[in-house]
Novice: 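I have a structure I would like to understand better, so I am pasting it below and will then ask my questions one at a time.
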Amino acid sequence: MSKPVNESPQLWQARAHAKVNLHLGVGEARADGFHELATVFQSLDVHDRVNYRWGEGCAVEVTGNHAKGVPASTENLAWRAVELVAQNLMLPAAGTLTMEKNIPAAGGMAGGSADAAAALLLANQALSKEFGREPLSTERLYELAAELGSDVPFTLMGGTALGRGRGELLTPMLSRGRYIWAIITNAEGLSTPSVFRKLDELRAAGRGSTPHLDTEAVGQALVGGNPRELAAVMHNDLQPAALSLRPDLRKILETGEAAGALKGIVSGSGPTCAFLCEDEETAQEVVAQVCADNRGTRGLVTRGPATGATLV
Ligand code: C5P
């Protein structure tokens, strides 16, 4: 049995950043049930704070603005990340993991994935230091990230990237400038599998969007660095399915654009809506107007691109 090196284990801290999909092209369902994607991810400044300390026993704590509905137990995907790292280092999975949630849960912003990415880094640092082991390689951490979920590798990497496969095969993309977002979250979440299923249904009935797997226009707009150009080409194949399940999102998109946003899209599988804005003032105005007109909504203003999960 391995023994920890330190008498009093250190507290390790990390930031876990949200993402938005600037382009989300969804191909056909594969034999494994996942859909082939061509997506462009951008990480956002808004982040959860994730802490981990090695110790006997297992504890998972969730606090913060967006804690509602997030499992404060070993069911949490971030705890699964600790277990995977421990298993790979051939150590027992134990300790205390805490998450301060600022990223809306079940919202299509990869908050759960980001926490899991941060937990991979934290557990790798903490366990290797406490037990005097060689940490897992970055390459191995990315493999574990892909095992945890389709968005976990990107939330580990951050910045701007093209995602292929089920979203886990990443290529960094050149991006100039900073982009200002008004993010509108919803009291009621939307399950990702149900949105993908709805898209399949719509397509089978000849009503869903045809797959938009070409990301070139978004790539060019990002090189140009002009938010107006980016707004003109942002696209989400899951949007018709999300709107079909949640018709209330249509009014949110309309209100936000009427309030001055360059463009509003459903973020990932929703129900969060992301509005690209020319400046901070407009973004604040979008938040104020959408929240005044739509019950159960909350808003925040954030910028991208940001980093991926980062130890602090
Ligand atoms: O990988 P992750 O656990 O985040 O995926 C959640 C669900 O979203 C999957 O079980 C699947 O129903 C759907 N999904 C998909 N195609 C993808 C990514 C996710 O169908 N590329």
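Counting starts at 1 for both ligands and their atoms, following the listed order.
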Novice: Between the protein and ligand 1, which nitrogen or oxygen pairs come in under 3.5 Å, and how far apart is each?
Specialist:
unit_1: ligand 1; atom_1: 1 (O); unit_2: Ser150; atom_2: N; d: 2.8
unit_1: ligand 1; atom_1: 1 (O); unit_2: Ser150; atom_2: OG; d: 2.5
unit_1: ligand 1; atom_1: 16 (N); unit_2: His35; atom_2: N; d: 2.8
unit_1: ligand 1; atom_1: 20 (O); unit_2: His35; atom_2: ND1; d: 2.7
unit_1: ligand 1; atom_1: 21 (N); unit_2: His35; atom_2: O; d: 2.8
unit_1: ligand 1; atom_1: 21 (N); unit_2: Arg166; atom_2: O; d: 3.2

Novice: Run the salt-bridge test on Lys101 and Asp115 with the 4.0 Å N-O cut-off and return the result as yes or no.
Specialist: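 Result for this pair is yes, salt bridge flagged.
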Novice: Output every pair passing side-chain hydrogen bond (donor to acceptor under 3.5 Å, both in side chains) with a member in residues 251-276, not counting sequence neighbours, ordered by first then second residue.
Specialist: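 Applying side-chain hydrogen bond (donor to acceptor under 3.5 Å, both in side chains) to every pair that reaches into residues 251-276, excluding sequence neighbours, yields Thr192-Ser269.
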Novice: Do other residues, nucleotides or ligands put more than 12 heavy atoms under 6.0 Å from the CD atom of Glu281?
Specialist: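 No, not enclosed.
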Novice: With under 30° as parallel and over 60° as perpendicular, where do the rings of Phe41 and Phe154 fit, or are they tilted in between?
Specialist: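 Correct class here is parallel.
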Novice: Please tabulate, for side-chain N and O atoms in residues 23-34, each donor-acceptor pair with protein atoms closer than 3.5 Å (sequence neighbours left out).
Specialist:
unit_1: His23; atom_1: NE2; unit_2: His212; atom_2: O; d: 2.8
unit_1: Arg30; atom_1: NE; unit_2: Asp32; atom_2: OD1; d: 3.2
unit_1: Arg30; atom_1: NH1; unit_2: Glu36; atom_2: OE1; d: 3.0
unit_1: Arg30; atom_1: NH2; unit_2: Asp32; atom_2: OD2; d: 2.8
unit_1: Asp32; atom_1: OD1; unit_2: Phe34; atom_2: N; d: 3.0

Novice: According to the side-chain hydrogen bond (donor to acceptor under 3.5 Å, both in side chains) rule, which pairs have a member within residues 170-179, sequence neighbours left out?
Specialist: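 Only Asp45-Arg178 qualify under side-chain hydrogen bond (donor to acceptor under 3.5 Å, both in side chains).
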